[in-house]
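Take a look at the structure below.
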Amino acid sequence: MAAAPMTIAPEVTLLRGFAAPTRPIVLAIEVVAALAPFRHLKTPGGGTMSVAMTNCGPWGWHSDARGYRYTASDPLSGEPWPPMPESFRALARKAAMRGGFPGFEPDACLVNRYVPGAQMGAHRDWDELDKRFPIVSVSIGLPALFLWYGATRRGRPLVTRVEDGDVVVWGGSARAGYHGVRKLAPGDHPVTGALRYNLTFRRAK
Ligand code: MD3
Ligand code: FE
């Protein structure tokens, strides 16, 4: 909770251990996933993502052959996305403040689940209406290598290892930054077993 903020690029802040302990977060993820199961989304290009996803909160990120967008209900069930736990909202707000972005009120929480071998290619989070809001990312379980490309997806990325409980906040000039996650290495974590979760809090609308 009292992590010393580390600047890993301009307006990209890493808060080591800020979300620890993560067991309660994992229990909350399991509640969300019981209502809106993890699924492997299709991309407009015809691929299937190796990361499994679900959402909680008023808006959820979705991808299919028609494109990327935020939806108010789960396309699998037609039901609204599960509510965002108050503890998630508070964590995102506090982390954003610590990262230099006071007043962040997320209305979307994308939950990513990685198994060993899963990865996320270079992309930017660009489906949100107001790019003045930051994005807050919470890492849970197995460690991963975050890749930060910056303004273009070309060139060698900056590589940062993130571990259970680490939080990354990026906004302002970094909001348009390209990023990704290296293929997850096998492992066994006391809280998640052979998994990594990532919560990504956004202001979608
Ligand atoms: C900041 N998720 O869902 S968080 C996404 O771990 C997404 O699941 C990733 O990108 C995940 O859209 C990563 C974003 C991120 C990635 C790499 C970084 C932030 C970073 C590298 C350096 C600094
Ligand atoms: Fe992203």
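All heavy atoms count here, side chains included; hydrogens, waters and symmetry mates do not. In what follows, residues are counted from 1 in the order of the sequence shown.
- When only modelled atom types and interatomic distance are considered, Trp61 and Asn55 share no side-chain donor-acceptor pair under 3.5 Å.
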task: Let me see the working for Phe146 and Ser139 under side-chain contact (heavy atoms from CB on, under 4.5 Å), right down to the final yes or no.
output: CA-CA 10 Å; Phe146 262 175; Ser139 289; 4.1 Å; yes
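- Between the side chain of Arg202 and the backbone N or O of Pro106, no donor-acceptor pair lies under 3.5 Å.
- The side-chain tip of Arg196 points at the ring of Tyr114 from less than 6.0 angstrom away and within 45° of straight on.
- The cationic group of Arg93 does not satisfy the cation-pi geometry with Phe104, failing either the under 6.0 Å distance to the six-membered ring centre or the 45° limit from the ring axis.
- The backbone N or O of Ala36 lies less than 3.5 Å from a partner atom in the side chain of Thr54, making a donor-acceptor pair.
- Of the possible polar contacts, one joining the Arg69 side chain to the Gly67 backbone as a donor-acceptor pair under 3.5 Å is found.
- The closest donor-acceptor contact from the side chain of Glu11 to the backbone of Ser173 lies under 3.5 Å.
- With hydrogens and angles ignored, the 3.5 Å screen pairs a side-chain donor or acceptor of Arg175 with a backbone N or O of Asp125.
- Summarising the geometry of Trp81 relative to Arg39, their closest heavy-atom pair is CH2-NH1, 3.7 Å, with the distance given to 0.1 Å.
- Looking at Arg153, its side chain does come within 3.5 Å of a backbone N or O of Ala122 through a donor-acceptor pair.
- Judged by distance alone, with hydrogens and angles left aside, the side-chain atoms of Ser63 form a donor-acceptor pair with the main-chain N or O of Lys42 at under 3.5 Å.
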message: Before you tell me yes or no, could you show the steps for His179 and Trp170 under side-chain contact (heavy atoms from CB on, under 4.5 Å), namely the whole-Å CA-CA distance, both residues' side-chain angles and the distance that decides it to 0.1 Å?
response: CA-CA 11 Å; His179 57 271; Trp170 73 105; 3.8 Å; yes
- request: In sequence, state the C-alpha distance, the side-chain angles, and the governing distance for Phe38 and Ile29, and then conclude on side-chain contact (heavy atoms from CB on, under 4.5 Å).
  value: CA-CA 10 Å; Phe38 283 101; Ile29 290 171; 3.8 Å; yes
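- Within a 6.0 Å radius of NZ in Lys205, more than 12 heavy atoms belonging to other residues, nucleotides or ligands are found.
- Here the side chains of Leu14 and Val12 are not in contact, with every heavy-atom distance at 4.5 Å or above.
- Without hydrogens or angle criteria, His62 side chain to Thr71 main chain gives no donor-acceptor distance under 3.5 Å.
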task: Run the numbers on Val181 and Leu145 for side-chain contact (heavy atoms from CB on, under 4.5 Å), then give the verdict.
output: CA-CA 6 Å; Val181 179; Leu145 295 176; over 6 Å; no
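- Between the side chain of Asp166 and the backbone N or O of Gly17 there is at least one donor-acceptor pair closer than 3.5 Å.
- Between the side chain of Thr192 and the backbone N or O of Leu195 there is at least one donor-acceptor pair closer than 3.5 Å.
- Arg154 and Tyr149 form no side-chain donor-acceptor contact under 3.5 Å, judged by distance and modelled atom types alone.
- Counting only heavy atoms from C-beta outward, the side chains of Thr43 and Leu41 never approach each other to under 4.5 Å.
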